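Worksheet for the structure shown next.
Heavy-atom basis, side chains included; hydrogens, waters and symmetry copies ignored. Numbers restart at 1 for each chain; the letters A, B, ... are given by sequence-line order, proteins then strands. Since this is a predicted model, take the numbers as computed values, not measurements.
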Number of protein chains: 2
Amino acid sequence: MQTVLTRELTELDIKPPHLDILINLYRFEGISQQELAHKLLVGRSNMSMALPQMEKRGLIERRGDTKDKRVLRLYLTREGRSVTEKAMAIQTALIERTLSSEPLDQCMAMAESMERLIVTLQSEIREDSREPS
Amino acid sequence: MQTVLTRELTELDIKPPHLDILINLYRFEGISQQELAHKLLVGRSNMSMALPQMEKRGLIERRGDTKDKRVLRLYLTREGRSVTEKAMAIQTALIERTLSSEPLDQCMAMAESMERLIVTLQSEIREDSREPS
DNA sequence: ACAATAAAGTACAATGATGAACAAAAATCA
DNA sequence: TGATTTTTGTTCATCATTGTACTTTATTGT
């Protein structure tokens, strides 16, 4: 599954970790590397390694903030926006292909399982707080 | 958080990925490397690298299955069982330390968020199946 | 029985994520 | 203002995981 997505992204000449970056930048343009790392739940050093590659590939642009010379604000290039749209289409198609037909029932079953799990957890929590032993 | 656990495990001379292995072996002794990898949701090659290290450290023992010469069955040594118990105690203590006092409310809030999320998802699913557009 | 296929384990190279140590710029505050 | 502390981003060494190719042993089909 991940393997398939990786293979399809290779044709756009981007690597899997770049996809999340592109999608977030597509939605929130002009944010800093810090903010982006925070949104993606990864360390800042990660961005420091990935973003220069993407800049060289012409997908993004990094412009220094005029007020704060420490921060680099991130923007998609025309090329980057185009690639992002293609990548999202690929991803969506893959998901629909994977999810189509059979597993709708499974989704419902999972949701019900989760509900039961939550109920169980809640009652255990209530017991724990009643008997702090 | 993960960092703290790692540091505490270092004193037992085991690495983080070994902890999951030990705990599963503590519960299900005699399983094969394949089965263990499946339980841990990782690839078989992972086990092939981690387990020989643990065997050298005297935590586990790998005995060939008599019926099937391909499979290696896994057993905890006395030492391994002892280390596992200590590690689980450390882990539990850390969790209780982290979870104590404040975040009980947060647990309940999270559970409620999940419930709402599930309801939303279910209605979206129903809409999707009504209008397959 | 035997040929083809599948499964268990191993070796290895490639990828990705992480934290620590560091430099530059900004904020704090005395 | 000037000193201290934070914050941004970078670099680097380390560790973990993955997939692929391979060997050995079982299973399956004919």
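DNA chain D lies under 4.0 Å from at least one heavy atom of each of the following residues of residues 6-28 of chain B: B:K15, B:P16, B:P17.
A salt bridge is defined here as a Lys NZ or Arg NE, NH1 or NH2 lying under 4.0 Å from an Asp or Glu carboxylate O, and A:R63 with A:E61 meets this definition. Taking 4.0 Å as the cut-off between side-chain N and carboxylate O, A:R70 and A:D68 count as a salt-bridged pair. Using a 4.0 Å cut-off between a side-chain N of Lys or Arg and a carboxylate O of Asp or Glu, A:R81 and A:E29 qualify as a salt bridge.
In this structure, CD of A:Q53 is placed 17 Å from P of D:dG9, rounded to the nearest angstrom. Atom CD1 of A:I31 is separated from atom P of D:dT7 by 19 Å (rounded to the nearest Å). What separates CE of B:M47 from P of D:dG19 is a distance of 14 Å, to the nearest Å. The interatomic distance linking B:L36 (CG) with D:dT17 (P) rounds to 12 Å, in whole Å. Rounded to whole Å, the distance from CZ on B:R44 to C1' on D:dG19 is 9 Å. Going from atom CD of A:Q33 over to atom C1' of C:dA24 covers 14 Å, rounded to whole Å. What separates CD of B:E35 from P of C:dA7 is a distance of 14 Å, to the nearest Å. Atom NE2 in A:H38 sits roughly 14 Å away from atom P in D:dG9 (whole-Å rounding).
Here the shortest heavy-atom pairing between A:A87 and A:I14 reads CB-CD1, 4.3 Å. Across every non-hydrogen atom of B:M47 and B:P52, the tightest pair is O-CD, 3.7 Å. For the pair B:Q53 and B:M49, the tightest heavy-atom approach, listed with the atom from each and the gap, is CG-O, 3.6 Å.
By the 6.0 Å contact criterion, CZ on A:R44 is open, its count of non-hydrogen atoms from other residues, nucleotides or ligands being 12 or less.
Counting only heavy atoms from C-beta on, B:K69 has its side chain closest to D:dT25 among D:dT25, D:dT8, D:dT10. Of the candidate nucleotides D:dG9, C:dA26, D:dT25, D:dG9 has the atom lying nearest to any side-chain atom of A:L72. Here C:dA26 is the nucleotide among D:dT18, C:dA26, C:dG9 with the atom lying nearest to any side-chain atom of A:D68.
Connection of A:Y26 to A:L74 is established within a shared hydrophobic cluster, with ILVMFWY side chains joined at heavy-atom distances below 4.5 Å, either directly or through further cluster members.
The phosphate of C:dT18 (OP1 or OP2) has a side-chain N or O of A:N46 nearer than 4.0 angstrom. Residue B:R73 has no polar side-chain atom (N or O) positioned under 4.0 Å from OP1 or OP2 of C:dG9.
Residues A:R73 and A:E35 meet the side-chain proximity criterion, which asks for heavy atoms closer than 4.5 Å. Two residues are said to be in side-chain contact when any heavy atoms from C-beta on lie closer than 4.5 Å; A:Q34 and A:V71 fail this criterion.
No donor-acceptor contact under 3.5 Å links the side chain of B:S45 to the base of C:dG9.
Along DNA chain D, the nucleotide closest to A:S48 and the one closest to B:G43 are compared, and the more 5′ of them pairs with A:S48. Remark on DNA chain C: of its neighbouring residues B:M49 and B:T3, the 5'-side contact belongs to B:M49, judged by nearest-heavy-atom nucleotide.
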Might you list the N or O atoms of the protein lying below 3.5 Å from N or O atoms in nucleotides 1-6 of chain D, with each pair's distance?
none

